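What you see is a predicted model; the values in this text were computed from it and never measured. Lettering of chains follows the sequences in order, A, B, ..., and the numbering in each one begins at 1.
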Amino acid sequence: MSLQIYIIRRILFAIPLILGITVVSFIIANAVPADPINANLPQNALNDPELVAAFRERWGLDKSPVEQYFIYLGNLLQGDLGVSIKTKNPILEDIQQFLPATIELATVSIVVGLTMGISFGVVSAVWRNSIIDYLVRIFALIGVSFPVFLLALIGLTVFHAELGWVAGPGRLSFLVDDPPQVTGWFTIDSLLAGEWETFWDALSHLILPSLVLGSFVSGIIARITRSSLLEELNADYIRTARSKGLHERVVIVKHALSNALIPVVTIIGLLYGNLLAGAVLTESIFAWPGLGRYVFRASTSQDFPAIMGVSMLIALIYVAVNFLVDILYYFLDPRIRLK
Amino acid sequence: MSNIANLQPKSNLRSQPNSRTFLRSTLRNLRRNPAVALGIVIVIVWILLAVFAPTIATQDPLSQAVSDRLQAPNGQYFMGTDELGRDIFSRVLYGGRITIPAALAVVIIDSLIGTLIGALAGYIGGIWDEILMRLTELYLAFPTIILAMAVTAALGPSIRNAVLALIVVRWPSYARLTRGLILEAKNDDYVKAVRSLGATHTYILVKTLLPNTIAPALVYASLDIGNVILLFAGLSFLGLGPEPSSPEWGRMVSIGIDFFDQTWMWLFPGLAIASLVMAFNFIGDGLRDLLDPRTRK
């Protein structure tokens, strides 16, 4: 199968999924026991039937649910996610404001998690049943068993309050100004502006939350890398490679690992979506001004358009990342090309 | 953050021709696995602590003693006291009475719903199967905790609604599992034999196929309990679970954040969650190893 056909097929697969995501978002955003009229109109306006009718017409509430859905879909196609009940801003604007902080955190976390997870997994599989293997397995177990908020609090106590190695909550220290916005990533923007002090400050604030989020990822990645590498190391082609007299390092890194990493690639997409969502807890502890905090505030004030806007966005990012992973697969696994 | 566990290889959870021998041999093997044994012991200890909490607790978990507020752990208060002078030790004990039944309820009800829907979809096939599979893919795309947050926010925060929300967001993975097992077993010889004897569809499904999916579903459920406990704790940490005064672990941690330097306020309830989740992961990992032919000796 050529790459073009493969990509077109993947896109065709994604379309019904994206439509489904919009349907679910619409249903949840509208299946609220509370009437949006009560939430949005002041008490004296509620007594005025003309105002209520005008409000219903303005927001399409007088139409049938199916019609409402198509209005909603039409708005979505124009990038209109609706208006947040809480902030009164268009949700897309709110998201643009909060998304970069989350993307920065999630991306750094997944890089940290992948680096730690893959190296730990390899070490653990190569020296199977050694002390290192047991230490790695305990670490991985802690990573997947400890609630993120507990890891965050322990990290803050030890590395911030006691040792003072890293900065505490927030993205920047109190007196440091935001760097001029280009990407929305404080680390990159400060470098672009040549503000070294801001860069170190931003980095110091980023380390702890990304380690906390990354530890969950690395726990999972280490487990998968370990079991998948162990499986590959038992395969016949490895025996062949060894009997050819290849150096053990070449056998492991070039032959076994490149195959063992295929399952790891598969779950990167899923992990990224989960990281964006898992950021809800981490961001609330680290006072990180991202989507997680936004969606949390939305959920405590029953701001359903905002909640569903964010979860739809995360679902779409999830679809997009998995699409990229599928394409990566095409290059990694020649068997797909033969189908 | 816990869709991930569902993605672990499931090929080991194959349907077994005879559920009873399968369970018996699994139980026998389990006894030889120290990690699993440790996990089982920790879980049993937590269950006993929760059941006998009224006897073991040194204080009423809700009673306030403002003069004794924010005390560090000492002879009278083993785990210290919180900002209202409530005894953390007693509250941690009572916390098990909320978390353990809540997680079990989610896992058991989801196994039932998932098994039923998954079995029907797998057996009937065609359009129903197609609909179920697309639906579960949709569910996977949505972030679990945000979906659960939306459901709890709509219903109003309470323990019951948090449990309901988790049931709503987690059944599809169970349905997927059972569907796969049924598809695999549907054309096995023993099913063909029963069919050729003239058995009805209901008989084949209920008496022949379903019993063989029970053991793998149990294993999956035990793997899932840890995730459910973490999600439940996360929801109540965010204030979407029990009321603030409730001795629920996630809730206690979130209150403890405001008293960051009083480490004991958040550390002990947090460790309670971690130890219970870890114990369930020990059991789940052990079960998976035992069932995986590649790692089985």
For the student: nearest non-hydrogen atoms of [X] and [Y], plus distance:
X        : Y        : result
A:Asp133 : A:Asn129 : OD2-N, 2.7 Å
A:Ile314 : B:Ile146 : CD1-CD1, 3.6 Å
B:Trp264 : B:Gly80  : CD1-CA, 3.8 Å

Under 4.5 Å from any heavy atom of chain A - which part of B:Phe280: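 No part of it gets close to chain A.
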Which portion of B:Asp285 sits near chain A, non-hydrogen atoms under 4.5 angstrom: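 Just its side chain gets close to chain A.
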For chain B, which candidate among [options] shows the most heavy-atom pairs at distances under 4.5 Å?
options                                : answer
A:Val144, A:Ile285, A:Ile21            : A:Ile21
A:Val310, A:Leu316, A:Leu156, A:Leu230 : A:Leu156
A:Leu17, A:Leu141, A:Leu153            : A:Leu153
A:Thr157, A:Ile142, A:Ile18, A:Val295  : A:Thr157

Just say parallel, tilted or perpendicular for the rings of A:Phe120 and A:Phe139, cut-offs at 30° and 60°.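 A:Phe120 vs A:Phe139 ring planes: perpendicular.
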Part of A:Val23 lying under 4.5 Å from any heavy atom of chain B: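 Neither part, no heavy atoms under 4.5 Å.
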Answer with side chain, backbone, both or neither: which region of A:Phe146 has an atom nearer than 4.5 Å to a non-hydrogen atom of chain B?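 Both the backbone and the side chain of A:Phe146 come within 4.5 Å of chain B.
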Report the distance from atom CZ of A:Arg137 to atom CZ of A:Arg128, rounding to the nearest 0.5 Å.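 Result: 7.5 Å between the selected atoms.
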Nearest 0.5 angstrom please: B:Thr99 OG1 to B:Leu276 CG, how far?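 Those atoms lie 7.5 Å apart.
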Quick check on the interface: out of B:Gly156, B:Gly226, B:Gly250, B:Gly234, who has the most heavy-atom pairs with chain A under 4.5 Å?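 The candidate making the most pairs under 4.5 Å is B:Gly234.
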Tell me, out of B:Ala233, B:Pro157, B:Ser254, who's got the most heavy-atom pairs with chain A below 4.5 Å.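 With the most close heavy-atom pairs to chain A, the winner is B:Ala233.
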Less than 3.5 Å apart, which donor and acceptor atoms pair up between the side chains of residues 237-246 of chain B and the rest of the protein, not counting sequence neighbours?
none

